[in-house]
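Comments concern the structure below.
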Number of protein chains: 2
Amino acid sequence: MVKELDEKIETLPDHVGWRLWQASRAWQAEFAAAMRAAGHGWFTEARAGLLGHITRNGMRQSALIERSAISKQAIQQLLDGLEAEGIVERLPDPQDGRGKLVRYTSKGLDALRDGDRVKMEIERRYVSRIGEERFTALMGALRALAAGQAAAMDEDTGAQGEVVESK
Amino acid sequence: MVKELDEKIETLPDHVGWRLWQASRAWQAEFAAAMRAAGHGWFTEARAGLLGHITRNGMRQSALIERSAISKQAIQQLLDGLEAEGIVERLPDPQDGRGKLVRYTSKGLDALRDGDRVKMEIERRYVSRIGEERFTALMGALRALAAGQAAAMDEDTGAQGEVVESK
DNA sequence: TCCGTATAGTCAAGATACTTGACGATAATC
DNA sequence: GATTATCGTCAAGTATCTTGACTATACGGA
């Protein structure tokens, strides 16, 4: 009974959203695995997302809130964790008694360096997997998409619009 | 004071991983917003991820566990939620007293239909945003990447390898 | 100077989406 | 029948994020 219907079983989807999700997940899994293998066991996806916004010179917690899209409370909790792991440290801002500066520790900077290396390795693997031409096309399309999206939301919420050309 | 340092502020990253993540998040946000706007307020990203694995004919809960990568407990909890929302229903499997069949309710099928419509709309928007050629290149690269990844893990853990052509 | 208001960060509580571990019930195998 | 494996459930804990309430500091006037 069910058997005949099973002939028509759907395969997993094959639209942009699914493909993007799939590729994104695969990248993250590869990156996280490599980072953990490199001795950075504290590494998680959420933390990575936040670290991507912290400049190497350190920055105000409030600036971090603007740059990343999540609530200040979430950021604080993530920072609590990162601080406990010894990746970043929080210092009082000498210019503003209310503020705090978030800065990488040397352990954190080490992790960043490893992260850069891992990223390049993965990128190399990707290129060898699908060919340079396709890879370039992929990046071009993704950048165009991001630029289009930023333009589409036009009410500049910041953060997204400055992604590409700023430097 | 801080200003001079800000000249050297790092921009947001521009590597594959970041771009994929960014694009994936943007797609999901757009999709979820459209779904909620279409009256499917129960819609969340995690639920979408699971629903993407449930065929329209319904399937065994255990089959669902194999297909999606997450633990059976997580699946159960997601199904609990979906069942409470009236999107799916669980019936005893007549062929196996231990098993249960997960099936869409008519409300669930309605949502799927809306989902398909929304997906196509978004895809159309994407095409008009970056051009058909680029969009095609994007899809091609993403598919190649997925195929390469499936091949790379070679120890067929299932789930990933069978994505496209399986049947 | 004092006062109102905005900003920076914290504390507390709760929701969601997972995890591992232990368990009962049914099926399959020998 | 006894053993072993599979299917689903229950319970508890973790990570990540949310909203709401609060404190401390800064700033911009009267």
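Note that this is a predicted model, so its numbers are computed, not measured. What's counted below: heavy atoms across the whole structure, side chains too, no hydrogens, waters or symmetry copies. In what follows, every chain begins at residue 1, and chains take the letters A, B, ... in the order their sequences are listed.
An OP1 or OP2 oxygen of D/dT18 is reached within less than 4.0 angstrom by a side-chain nitrogen or oxygen of A/Ser71.
For the helix from C/dT1-D/dA30 to C/dC30-D/dG1, the terminal axes (five pairs an end, C1' atoms, rotation from four pairs onto the next four) enclose an angle of 10°, given to 10 degrees.
Following rounding to the nearest Å, A/Gln77 (CD) and D/dG20 (P) show an atom-to-atom distance of 16 Å. The distance from atom CD of B/Gln28 to atom P of C/dA17 is 12 Å, rounded to the nearest whole Å. Residue B/Gln95 contributes atom CD, which lies 19 Å from atom P of D/dT6 at whole-angstrom precision. Atom CG in B/Leu79 sits about 13 Å away from atom C1' in C/dA17, given to the nearest Å. For the pair A/Leu82 CG and D/dA15 P, the interatomic distance rounds to 13 Å; values are reported in whole Å. One atom, CZ of B/Arg47, and another, P of C/dA15, lie 14 Å apart when rounded to the nearest Å. As rounded to whole Å, 19 Å separates atom P of C/dA25 from atom CG of B/Asp93. The interatomic distance linking B/Glu66 (CD) with D/dT6 (C1') rounds to 11 Å, in whole Å.
With the nearest nucleotide of DNA chain D identified for both A/Ile75 and A/Asp96, A/Ile75 has the one nearer the 5' end.
Annotation: side chain of B/Gln76 is in contact with side chain of B/Arg90 (closest heavy-atom distance under 4.5 Å).
Here the side chain of B/Ser24 pairs no donor or acceptor atom with the backbone of B/Leu20 at under 3.5 angstrom. With hydrogens and angles ignored, the 3.5 Å screen pairs a side-chain donor or acceptor of A/Thr105 with a backbone N or O of A/Gly86. Remark: side-chain polar atoms of B/Tyr104 are not paired, donor with acceptor, to backbone N or O of B/Ala111 under 3.5 angstrom.
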Could you list the protein-to-nucleotides 9-11 of chain C atom pairs, N/O on both sides, closer than 3.5 Å?
{"from": "C/dG9", "atom 1": "OP1", "to": "A/Lys100", "atom 2": "N", "distance (Å)": "2.6"}
{"from": "C/dG9", "atom 1": "OP1", "to": "A/Lys100", "atom 2": "O", "distance (Å)": "3.1"}
{"from": "C/dG9", "atom 1": "OP2", "to": "A/Ser62", "atom 2": "N", "distance (Å)": "2.6"}
{"from": "C/dG9", "atom 1": "N7", "to": "A/Lys72", "atom 2": "NZ", "distance (Å)": "3.0"}
{"from": "C/dG9", "atom 1": "O6", "to": "A/Lys72", "atom 2": "NZ", "distance (Å)": "3.0"}
{"from": "C/dT10", "atom 1": "OP1", "to": "A/Lys100", "atom 2": "NZ", "distance (Å)": "2.9"}
{"from": "C/dT10", "atom 1": "OP2", "to": "A/Gln61", "atom 2": "NE2", "distance (Å)": "3.0"}
{"from": "C/dT10", "atom 1": "OP2", "to": "A/Gln76", "atom 2": "NE2", "distance (Å)": "2.9"}
{"from": "C/dT10", "atom 1": "OP2", "to": "A/Arg90", "atom 2": "NH1", "distance (Å)": "3.4"}
{"from": "C/dT10", "atom 1": "O5'", "to": "A/Gln76", "atom 2": "NE2", "distance (Å)": "2.9"}

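Note on B/Ala74: a base of the nucleic acid sits closer than 4.0 angstrom, heavy atoms only.
For the atom pair CG of B/Asp93 and CE of B/Met59, the computed distance is 12.0 Å after rounding to the nearest 0.5 Å.
For B/Thr44, whose side chain is taken as the heavy atoms from C-beta onward, the closest listed nucleotide among D/dT25, C/dT19, C/dA17 is C/dA17.
Looking at B/Arg117 and B/Glu121, a side-chain N of the basic residue comes within less than 4.0 Å of a carboxylate O on the acidic one, giving a salt bridge. Using a cut-off of 4.0 Å between Lys/Arg side-chain N and Asp/Glu carboxylate O, B/Asp116 and B/Arg113 are scored as not salt-bridged.
Using cut-offs of 30° and 60° on the angle between ring planes, the pair A/Trp21 and A/Trp18 is tilted.
Heavy atoms from other residues, nucleotides or ligands lying under 6.0 Å from CZ of A/Arg25 number 12 at most.
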